[in-house]
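A short write-up of the structure that comes next.
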Amino acid sequence: QVQLVESGGGLVQAGGSLRLSCAASGRSYSRYRMGWFRQSPGKEREFVAAISWSGGSTDYSDSVKGRFTISRDSAKNTAYLQMNRLKPDDTAVYYCAAALVDYSSDYVTNMDTDFDSWGRGTQVTVSS
């Protein structure tokens with residue numbers, strides 16, 4: 001497993017932007033599929049975005065598609081989630097997740113059960 005630490009959360013007005021970062025440490029980073037999930041009070045954890053280990057494939061939930069962008073910098077062992085045009089419904093704790101994969105598994109998944117390392121989360125609050 002890899003250790004993950006999220007940062008970049010905070011309070012922002014509707015329509016604003018935030019950039020979340022996920023720093024990975026502990027093992028080689030480059031063969032990790034990365035993902036972002038979020039959870040609001042009283043709701044189940046939901047998929048937000050994912051990126052393949054090479055960065056060549058990405059996937060987004062319908063609720064964030066066109067507003068959020070996931071990316072990675074393997075040299076810095078860091079994944080990012082750029083969030084634009086934020087809405088109050090985006091308010092949640094955002095979690096970074098990682099899954100060690102084979103070189104041949106260069107695809108994305110939106111299932112939280114396909115990730116085996118998780119960060120502690122960072123709070124994002126969007127005011128109306």
Side-chain angles (χ1 to χ4, degrees):
Q1 289 188 340
V2 64
Q3 288 75 47
L4 305 173
V5 178
E6 303 96 335
S7 61
L11 174 63
V12 64
Q13 288 188 332
S17 298
L18 283 175
R19 188 194 196 198
L20 304 184
S21 298
C22 173
S25 63
R27 292 192 63 178
S28 173
Y29 172 78
S30 61
R31 286 193 296 118
Y32 280 90
R33 177 189 304 134
M34 305 294 293
W36 288 95
F37 292 77
R38 67 187 183 186
Q39 187 168 22
S40 304
K43 296 185 178 180
E44 293 187 354
R45 184 168 59 192
E46 64 173 349
F47 169 76
V48 176
I51 188 167
S52 64
W53 73 260
S54 73
S57 298
T58 58
D59 190 22
Y60 299 91
S61 68
D62 289 341
S63 63
V64 308
K65 196 171 296 182
R67 300 187 297 122
F68 291 10
T69 302
I70 188 171
S71 61
R72 65 189 300 157
D73 184 337
S74 295
K76 296 183 178 180
N77 289 351
T78 301
Y80 304 97
L81 185 67
Q82 178 67 43
M83 305 185 295
N84 298 328
R85 290 183 283 145
L86 283 160
K87 306 175 181 179
D89 284 348
D90 295 319
T91 296
V93 177
Y94 284 71
Y95 297 92
C96 178
L100 178 63
V101 299
D102 297 327
Y103 281 115
S104 62
S105 300
D106 193 23
Y107 58 85
V108 292
T109 175
N110 59 13
M111 300 293 294
D112 58 358
T113 52
D114 288 336
F115 294 86
D116 54 19
S117 296
W118 292 85
R120 299 184 67 176
T122 184
Q123 177 70 46
V124 172
T125 303
V126 184
S127 63
S128 58

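- Looking at Arg31 and Leu100, their side chains come closer than 4.5 Å, going by heavy atoms from C-beta outward.
- With hydrogens and angles disregarded, a donor-acceptor distance shorter than 3.5 Å links the side chain of Glu6 to the backbone of Gly121.
- The distance from atom CG of Asn84 to atom OG1 of Thr69, rounded to the nearest 0.5 Å, is 6.5 Å.
- Put simply, NZ on Lys65 and OG1 on Thr58 are 9.5 Å apart, with the number rounded to the nearest 0.5 Å.
- What you find for Leu81 and Ala49 is that their closest heavy atoms are CD1-CB, 4.1 Å.
- In this structure, the side chains of Cys96 and Trp118 stay at 4.5 Å or more apart for every pair of heavy atoms.
- Side chain of Ser57 to backbone of Ser52: no donor-acceptor contact under 3.5 angstrom is found.
- Side-chain heavy atoms closer than 4.5 Å link hydrophobic residues (I, L, V, M, F, W, Y) into clusters, and following such links, possibly through other members, connects Tyr60 to Leu20.
- Of all heavy-atom pairs between Ala14 and Ser128, the closest is CB-CA, 4.4 Å.
- Within a 6.0 Å sphere centred on NZ of Lys43, heavy atoms belonging to other residues, nucleotides or ligands number 12 at most.
- The main-chain N or O of Phe47 is never found under 3.5 Å from a side-chain atom of Asn110 such that the two would form a donor-acceptor pair.
- Note that the CD atom of Gln123 and the OG1 atom of Thr91 stand 7.5 Å from one another [nearest 0.5 Å].
- Counting only heavy atoms from C-beta outward, the side chains of Ser105 and Arg33 approach each other to under 4.5 Å.
- Taking OG of Ser21 as the start and CD of Gln82 as the end, the distance is 9.5 Å to the nearest 0.5 Å.
- Between Phe68 and Leu86, some side-chain heavy-atom pair lies under the 4.5 Å cut-off.
- Contact detail for Val2 and Ala98: the closest heavy-atom pair is CG1-CB, 3.8 Å.
- When hydrophobic clusters are built by joining Ile, Leu, Val, Met, Phe, Trp and Tyr residues whose side-chain heavy atoms come closer than 4.5 Å, directly or via intermediates, Ile51 is not grouped with Phe37.
- The distance from atom CG of Asn77 to atom OH of Tyr32, rounded to the nearest 0.5 Å, is 10.5 Å.
- Under the 4.5 Å side-chain heavy-atom criterion for grouping Ile, Leu, Val, Met, Phe, Trp and Tyr, Tyr95 is not connected to Met83 through any hydrophobic cluster.
- Met34 and Phe115 are assigned to two separate hydrophobic clusters, defined by single-linkage of ILVMFWY side chains at heavy-atom distances under 4.5 Å.
- Scanning all heavy atoms of the two residues, the minimum distance from Ala92 to Tyr94 falls at O-CD1, 3.4 Å.
- In this structure, Ala50 and Thr109 approach most closely via the heavy-atom pair CB-O, 3.5 Å.
- A single hydrophobic cluster is seen to contain both Leu18 and Val64, as judged by linkage of ILVMFWY side chains at heavy-atom distances under 4.5 Å, directly or through other members.
- Here the shortest heavy-atom pairing between Ala24 and Leu4 reads CB-CD2, 3.8 Å.
- Atom CH2 in Trp36 sits 14.0 Å away from atom OG in Ser61 (nearest 0.5 Å).
- Checked against salt bridge (charged side-chain N to carboxylate O under 4.0 Å, His left out), Arg67 has the following partners two or more places apart in sequence or in another chain: Asp90.
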Before giving the answer on salt bridge (Lys or Arg N to Asp or Glu O under 4.0 Å), spell out for Glu46 and Arg38 the whole-Å C-alpha distance, their side-chain angles and the decisive distance to 0.1 Å. CA-CA 5 Å; Glu46 64 173 349; Arg38 67 187 183 186; 2.6 Å; yes
